[in-house]
Amino acid sequence: MRVLVTGGTGYIGSTAVEILLTQGFEISILDDCSMGHADTVPAGVRFVNGSLLNVSEVADALTGCDAVMHFAGKSLVGESVEKPDLYHSVNVDGTRILLDQMREQLITKIVFSSSAATYGEPKVVPILETSETIPTNPYGATKLAIDHMITAEAAAHGISAASLRYFNVAGALKAKRGWLAERHNPETHLIPNVLRSTTDNPVKIFGTDWPTHDGTCIRDYVHVIDLIDAHLKALQSLGKPGHEIYNLGSGSGYSVREVVAAASAATGQQIPFIDSPRRAGDPAVLIADISKAKSKLAWEPSRDMNTMVSDTLKSMA
Ligand code: UFG
């Protein structure tokens with residue numbers, strides 16, 4: 001089976017490529033490398049260095065594929081507030097082109113990278129797939145618009161689809177050619193920032209007055225290898241027309257201070273930090289209810305916070 005991995009040179013997409021290859025899949029990649037890195041593309045993979053917004057490049061990338069894992073897209077919450085048009089164009093319009101071209105080529109299976117950002121500020125945690133979706137930023141709004149588009153596509157044209165709503169993805173994978181890890185510039189995510197913290201440039205803790213047990217935000221972290229394992233299981237579940245949505249997290253939460261403590265334990269040194277004002281747009285607590293993925297996909301994450309932190313640390317060595 002040949003899978004098109006859009007966004008296959010990014011942090012999560014490149015990890016998917018690596019794991020799919022080890023499982024015997026053939027791979028094509030479509031990526032414009034605006035966020036990813038062409039040096040992650042392994043030998044033997046078909047690489048189309050192109051854009052989701054270019055119909056002929058999308059059609060070319062899809063040629064000969066049986067299914068799609070759709071990771072490509074803009075994914076920074078803050079940037080989406082400043083450039084909502086860009087987010088709508090790349091994420092929503094780009095996915096429209098991808099779905100149209102899949103239909104042209106009779107490709108009916110897609111696993112889509114959705115986000116917990118579709119839910120917005122939750123009224124109840126843990127969050128179920130049936131919880132209200134009121135995104136608080138354009139990034140989340142585009143992911144929700146795509147989820148709706150895929151539901152309509154499945155109803156109208158019989159595709160078989162799964163949207164995977166990621167909570168906080170962390171960790172890294174060691175491939176033969178080196179570590180596949182977060183390489184963002186600027187880096188906004190907590191764990192890489194904590195591990196890069198120095199006395200001269202300490203990591204900022206965004207908000208210490210949240211309504212949580214230690215005053216800092218709580219998030220649900222899932223290791224990128226476990227996350228891709230869920231993608232494989234979701235792909236294997238496809239066949240019948242329809243669209244299923246699954247939350248992917250661990251089902252439990254860590255506060256920002258607890259992440260700093262885990263990183264201090266992993267490095268054997270107290271990580272320097274500085275208490276700072278809240279970051280705009282952050283919800284206090286995001287924790288996934290993952291019972292649907294557990295029961296319907298037989299998926300369960302097995303890597304804990306210590307593994308996520310220590311794998312990220314090793315990838316930075
Ligand atoms: N944080 C800090 N200091 C930092 C970075 C982050 O205190 O230097 C805090 C944040 O305020 C937040 C927590 O650490 O409370 C996690 O922040 P991240 O930026 O690592 O992740 P987010 O929870 O903001 O975002 C993630 C994904 C988004 C997705 C969102 C869904 O990165 O793509 O989850 O809610 F939209």
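For ligands, and for the atoms within them, numbers begin at 1 and follow the listed sequence.
For the atom pair D229 CG and E300 CD, the distance stands at 11.0 Å (nearest 0.5 Å). Interatomic distance, I110 CD1 to L235 CG, rounded to the nearest 0.5 Å: 11.0 Å. To the nearest 0.5 Å, atom OG1 of residue T108 and atom CG of residue L238 are 8.5 Å apart.
For E18 and R177, the salt-bridge test passes: some basic side-chain N is under 4.0 Å from an acidic carboxylate O. Checked for salt-bridge contact, D289 and K294 miss the test: no charged N lies under 4.0 Å from a carboxylate O. The residues R96 and E153 are annotated as salt-bridged, a charged nitrogen and a carboxylate oxygen being separated by less than 4.0 angstrom. Between E129 and R165 there is no salt bridge, since no side-chain N of the basic residue sits under 4.0 Å from a carboxylate O of the acidic one. Salt-bridge check for R257 with D214: failed, with every basic side-chain N at 4.0 Å or more from each acidic carboxylate O.
Nearest to atom 5 (C) of ligand 1 by heavy-atom distance, out of V259, T188, T216, T208, is T188. With atom 20 (O) of ligand 1 as the reference point, the heavy atom nearest to it among V194, L190, V203 is part of L190. Among F206, Y139, F167, the residue whose heavy atom sits closest to atom 2 (C) of ligand 1 is F206.
Of all the atoms in ligand 1, the ones that sit under 4.0 Å from a non-hydrogen atom of V77 are 36 (F). Under a 4.0 Å criterion applied to the non-hydrogen atoms of S75, ligand 1 contributes the atoms 33 (O). Every atom of ligand 1 with a heavy atom of C217 under 4.0 Å away is listed here by number and element: 15 (O).
Looking at S115 against ligand 1, only its side chain comes within 4.0 Å, counting heavy atoms. Residue contacts with ligand 1, taken as heavy atom pairs separated by less than 4.0 Å, involve Y221 solely via side-chain atoms from C-beta onward. Residue contacts with ligand 1 for R279 involve side-chain atoms from C-beta outward but no N, CA, C or O (heavy atoms, distance under 4.0 Å). Heavy atoms of I205 found under 4.0 angstrom from ligand 1 belong exclusively to the backbone.
Between S255 and T212, every side-chain heavy-atom pair lies at or beyond the 4.5 Å cut-off.
You'll find the ring centres of H231 and F71 inside the 6.0 Å limit.
Nearest non-hydrogen protein atom to atom 11 (O) of ligand 1 is D282 OD2, 2.5 Å. For atom 31 (C) of ligand 1, the nearest non-hydrogen atom of the protein is A117 N, 3.6 Å. For atom 8 (O) of ligand 1, the closest non-hydrogen atom on the protein side is N193 ND2, 3.2 Å. Ranking the protein heavy atoms by distance from atom 22 (P) of ligand 1 puts N168 ND2, 3.5 Å first. With respect to atom 35 (O) of ligand 1, the closest heavy atom belonging to the protein is L286 CD1, 3.1 Å. For atom 3 (N) of ligand 1, the nearest non-hydrogen atom of the protein is K204 O, 2.7 Å. Scanning all protein heavy atoms for the shortest distance to atom 9 (C) of ligand 1 gives V256 CG2, 3.8 Å. Scanning the protein for heavy atoms near atom 32 (O) of ligand 1, the closest one is H189 NE2, 2.6 Å.
Not a single heavy atom of F273 lies less than 4.0 angstrom from ligand 1.
Among D60, L62, V55, the single residue meeting the side chain to side chain contact (heavy atoms under 4.5 Å, CB included) criterion with V58 is L62.
A donor-acceptor pair under 3.5 Å is absent between the side-chain atoms of N91 and the main chain of T142, judged by distance alone.
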